[in-house]
Amino acid sequence: MVDFKLYTITGEQFHEGRDLKHVMEEAIHGGSDIIQLREKKGSKREVLKKARMLRELTKKYNVPLIVNDHIDIALAVDADGIHLGQDDLPLEEARKIIGPNKIIGISTHSIEEAREAEKGGADYIGVGPIFPTNSKDDVVDPVTTSYIKEVMNEITIPFVAIGGIKLHNVDEVLEAGATRICAISEIVGSEDIKGTCEEFLVKINRSKESANA
Ligand code: 3NM
């Protein structure tokens, strides 16, 4: 089973002038334990090139690499899995292509979508956007932390909270019961990427400890 605490997704618009490899390596140094290549614009070849680079990097640190949407590229670089949105290839079809051993993550914005993803054999779900975000086009209204509580009550596969999560509001997300956090802008747009990841992890670990106490 896939498990992780701090999921970093690429977002090159937030770090102009800074190299993608360097940015993601800093996130890994800060303790980010899963990485997603999310590239909505480039040509297939450009995305493939970035995926190859990130595959090499994540192999070096033994961190899973997930590719957003492009199943062909995920297979070509032997990524650990794919992440799909509600408008991408349906889970069932994606599973046929990618096989039983790869990770499939699904973005969900309602409990109905979460149920469907779980039933369809997703390995994890994204739960969001918790807060408003400018990092995703056509994003739905914030689902708030109440959606986290719904998911916790019903869904048994791992879930990761996403959308507008920052160091200043992550405690609220953790208090609602999330144990895995995903961010784009707060991490890759930070002046101190490693330090930001470390701060997220302190908060995540502290929340876990108090939940187990
Ligand atoms: N998916 P930031 S929200 C890629 O709710 C993505 O499914 C979301 O970026 C969802 O941390 C989102 O900068 C954007 O808000 C997350």
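Numbering of ligands and ligand atoms starts at 1, following listing order.
Checking only distances, Pro129 does come within under 3.5 Å of ligand 1, N or O to N or O. Residue Thr133 has at least one nitrogen or oxygen atom sitting less than 3.5 Å from a nitrogen or oxygen atom of ligand 1, judged on distance alone. The N/O atoms of Ala183, backbone and side chain alike, include none that comes under 3.5 Å of an N/O atom in ligand 1. Below 3.5 Å of separation, one finds no N or O of Lys166 facing any N or O of ligand 1. For the pair Ile184 and ligand 1, the shortest N or O to N or O distance falls below 3.5 Å.
When only non-hydrogen protein atoms are considered, atom 12 (C) of ligand 1 lies nearest to Ile162 CD1, 3.8 Å. Among all protein heavy atoms, the one lying closest to atom 2 (P) of ligand 1 is Ser135 OG, 3.4 Å.
If you look at His109 next to ligand 1, the close heavy atoms, those under 4.0 Å, all belong to the side chain.
Near Gly128, meaning under 4.0 Å from any of its heavy atoms, are these atoms of ligand 1: 5 (O). Interface of Ser185 with ligand 1, defined as ligand atoms under 4.0 Å from a residue heavy atom, comprises 2 (P), 11 (O), 13 (O).
Looking at every heavy atom in both residues, Ala74 comes nearest to Ile82 through CB-CG2, 3.4 Å. The two residues Thr8 and Cys197 come nearest to each other via the heavy atoms OG1-SG, 4.5 Å.
Of the candidates Gly11, Gly163, Gly189, the one placing a heavy atom closest to atom 3 (S) of ligand 1 is Gly163.
Within 6.0 Å of atom CG in Asn134, 12 or fewer heavy atoms from other residues, nucleotides or ligands are found, so the atom counts as exposed in its surroundings.
For the salt bridge (Lys or Arg N to Asp or Glu O under 4.0 Å) condition, the pairs that include at least one residue of residues 96-105, sequence neighbours left out, are Asp78-Lys102, Glu93-Lys96. The salt bridge (Lys or Arg N to Asp or Glu O under 4.0 Å) contacts involving residues 137-165 comprise Arg115-Glu154, where partners must be two or more places apart or lie in separate chains.
Between Tyr147 and His109, the gap from one ring centroid to the other reaches at least 6.0 Å.
Within the 4.5 Å cutoff, the side chain of Leu89 has heavy atoms near those of the Ile97 side chain.
A salt bridge links Asp123 with Arg95: the distance from a Lys NZ or Arg NE/NH1/NH2 to an Asp or Glu carboxylate oxygen falls below 4.0 Å.
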